[in-house]
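On a predicted model such as this, the values are computed, not experimentally measured, just so you know.
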Amino acid sequence: MTSADDLCLRPATELAALIADRRLSSRELTDACLDRIERLDPRVNALVTVDAEGARAAADAADAALAAGEQTGPLHGLPVAHKDTHATGGMRTTWGSPLHAGTVPAEDELVVARLRAAGTVRLGKTNVPEFAAGSHTFNTLFGATHNPYRHGLSAGGSSGGAAAALAAGFVPVAEGSDMGGSLRNPAAFCNVVGLRPTPGRVPTWPALVGWSQLSVQGPMGRTVADVALALSVLAGPDRRVPIALDDDGAGFAAPLPERLDGLRVAWAPDLGGRVAVDPAVTDVLAGTVRVVEELGATVAADCPDLTGADDVFGTLRAWLFDASYSELIRQHPDQVKESIRWNAAMGARLTGADLARAEAAHTRLYEQVVAFFDRYDVLLAPTTQVLPFPVEQEYPTEIAGVPMDDYLEWMRSCTVISATGCPALSVPGGFTPDGLPVGLQVIAAPRADRRVLEVGHAIEQATRFGDRRPPL
């Protein structure tokens, strides 16, 4: 590995400090990332658009700003890649759909604008499944993203390109979105860190349904501290977003603890018997849970009452898909993939009574979860129910002998948590004997985003699973 390759794999926190102290130039780091992308991404297919010329110009401007003594942001000079479902002003944004193959938005959406304001250098866009539907990253425009740890296997999704780019050392920080696991699932498959924040923590704008709490945007990184640093600039109020939380995000970048003394932890390897999980996943995570006890926590087998979570998620997702895609499907029925058509059709059949039932169940579920976190500080569970699977497979059709009825069911370890409104962090949880990554999901009470970062960081520092880089 060259010194430039080593540079590309360092933590974002370390790189940001080196640039701020002028011991490393943004141009040097940007060139190293671009060189690594050119050499290695043809095998991974994480990035679907790369603007090398624009990135180098932005890096030079970042270096000039430091030399002039200008005030700079927390991520100043760091290369970043944006999810290809997030609008980037002046850069192609396709949503993984042939209907948007040539779309170039006029303006950045909020998550992109906040990273730009923090000083990042935009390298390009990361691959997604069509309209971010599903937790496996492939589309007809760009093909599939491969797992950096095992070519031919899925990198997860829908932020699969982002996770693969981080694992492969193409960028030090990235962002994504998560309705049913799209920040957590690919983080688990690619041995990186992904945070689904509390809804409203990272405001989404523009949004078709601004009051919805099902889909959120958030940061991804190679370490928990990197994710916390990115969250510090992504979080914060915005008057245009009705569910935006008022808290300033700066506090998330504060140092994180390495002990868990006195922490009350619940461990739910199958979420209380609610989900089927491949034993290969739980076998790996059992050892990591023992590390949590060694860090001073008390661990008990327990799970919140998740009654209603499946109906809440399924109903509200279908309603959003109808609102978002049904008109597009009517206009272009042959250019939208079947799973999106199926989900939108399900939403079109919903009645007002169906939505009222789901919202009432949503309220009860929230109350059940809040009561659970009166007794526990965090809940630990598998991030994914399966190991990375072949890229040719759209989704797993069975887990541990249990048939999966549709393209959502294999993601239920994430979808039922999405319905609760809890923040959830996926951290590297270990490897199978043949070297496939496994993710551990750290879940806390609504708005306790700092808590999941603290626990995830302590686990990360004790296990060092995240230090194991892919054999590219």
Side-chain angles (χ1 to χ4, degrees), residues 180-181 184-185 188 195-198 224 257 259-313 361-386 399-400 402 411-430 438-460 462-463:
R184 293 163 286 165
N185 172 295
L195 172 67
R196 176 189 165 90
T198 298
V224 176
R259 293 284 304 175
L260 300 176
D261 295 298
L263 198 77
R264 301 167 300 168
V265 176
W267 164 230
D270 58 3
L271 289 175
R274 186 166 294 272
V275 301
V277 183
D278 186 334
V281 171
T282 48
D283 286 350
V284 170
L285 294 181
T288 306
V289 172
R290 287 193 291 272
V291 173
V292 174
E293 291 182 303
E294 293 167 4
L295 291 171
T298 58
V299 180
D302 205 349
C303 185
D305 182 356
L306 296 171
T307 300
D310 289 308
D311 184 43
V312 168
F313 181 83
H362 203 183
T363 302
R364 291 192 299 272
L365 176 65
Y366 186 88
E367 293 172 349
Q368 289 158 193
V369 167
V370 168
F372 178 83
F373 285 113
D374 285 339
R375 296 185 287 117
Y376 293 99
D377 298 306
V378 293
L379 169 68
L380 302 181
T383 304
T384 64
Q385 296 163 241
V386 295
I399 300 173
V402 178
M411 304 183 289
R412 288 177 57 243
S413 55
C414 283
T415 63
V416 295
I417 301 304
S418 295
T420 67
C422 294
L425 181 78
S426 182
V427 294
V438 175
L440 177 68
Q441 193 172 190
V442 183
I443 305 148
R447 305 193 182 191
D449 303 70
R450 172 76 185 182
R451 169 72 45 85
V452 299
L453 293 169
E454 291 173 345
V455 175
H457 176 76
I459 295 170
E460 168 192 84
T463 62

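- Contact of the V292 side chain with the L260 side chain is registered, since non-hydrogen atoms from C-beta on lie closer than 4.5 Å.
- Evaluation of the salt bridge (charged side-chain N to carboxylate O under 4.0 Å, His left out) rule for E460 yields no partner, not counting sequence neighbours.
- Across A419 and V312, no two heavy atoms sit closer than the pair CB-CG1, 4.0 Å.
- Of the inter-residue distances, the one linking L306 atom CG with F372 atom CZ reads 8.5 Å to the nearest 0.5 angstrom.
- Closest of all the heavy-atom pairs between F373 and L379 is CE2-N, 3.8 Å.
- A donor-acceptor pair is defined here as one N or O able to donate and one able to accept, closer than 3.5 Å; no such pair exists between the side chain of Q441 and the backbone of A381.
- Contacts classified as salt bridge (charged side-chain N to carboxylate O under 4.0 Å, His left out) and involving residues 372-383 (residues at least two apart or in different chains) are given here: R264-D377, D302-R375, D377-R451.
- Residues L380 and I443 have side chains not in contact (no heavy-atom distance under 4.5 Å, counting atoms from C-beta outward).
- With sequence neighbours excluded, the residues that form a side chain to side chain donor-acceptor pair (under 3.5 Å) with S426 are T383.
- What you find for A444 and V378 is that their closest heavy atoms are CB-CG1, 4.3 Å.
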- Start with the C-alpha gap between I399 and V277, add the side-chain angles, then the distance that decides, and say whether side chain to side chain contact (heavy atoms under 4.5 Å, CB included) holds. CA-CA 6 Å; I399 300 173; V277 183; 5.5 Å; no
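- Using modelled atom types and a 3.5 Å distance limit, the side chains of S418 and R184 yield a donor-acceptor pair.
- Closest of all the heavy-atom pairs between C303 and G272 is SG-N, 3.7 Å.
- At least one side-chain heavy atom of V369 sits less than 4.5 Å from a side-chain heavy atom of C422.
- For E367, the side-chain contact (heavy atoms from CB on, under 4.5 Å) test picks out T363, with sequence neighbours left out.
- The shortest distance between side-chain heavy atoms of L271 and V416 falls below 4.5 Å.
- Between the CD1 atom of I417 and the CZ atom of F313 there is a distance of 11.5 Å, given to the nearest 0.5 Å.
- Put simply, the side chain of I459 does not reach to within 4.5 Å of the side chain of V291, judged on heavy atoms.
- Interatomic distance, R364 CZ to D305 CG, rounded to the nearest 0.5 Å: 10.5 Å.
- In plain terms, the two heavy atoms of G429 and T288 that are nearest each other are O-OG1, 2.5 Å.
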- Tell me, with the steps shown, if T307 and L365 meet side chain to side chain contact (heavy atoms under 4.5 Å, CB included). CA-CA 7 Å; T307 300; L365 176 65; over 6 Å; no
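- Pairing each heavy atom of G439 with each of L285, the nearest pair is O-CD1, 3.7 Å.
- Taking R450 as the reference, E454 meet the salt bridge (charged side-chain N to carboxylate O under 4.0 Å, His left out) condition, with sequence neighbours excluded.
- Between P197 and P423 the shortest side-chain heavy-atom distance does not fall below 4.5 Å.
- With 3.5 Å as the limit, one finds a donor-acceptor pair spanning the side chains of D449 and T198.
- Legend: salt bridge (charged side-chain N to carboxylate O under 4.0 Å, His left out) pairs involving residues 265-276, not counting sequence neighbours, sorted by first then second residue: R274-D310.
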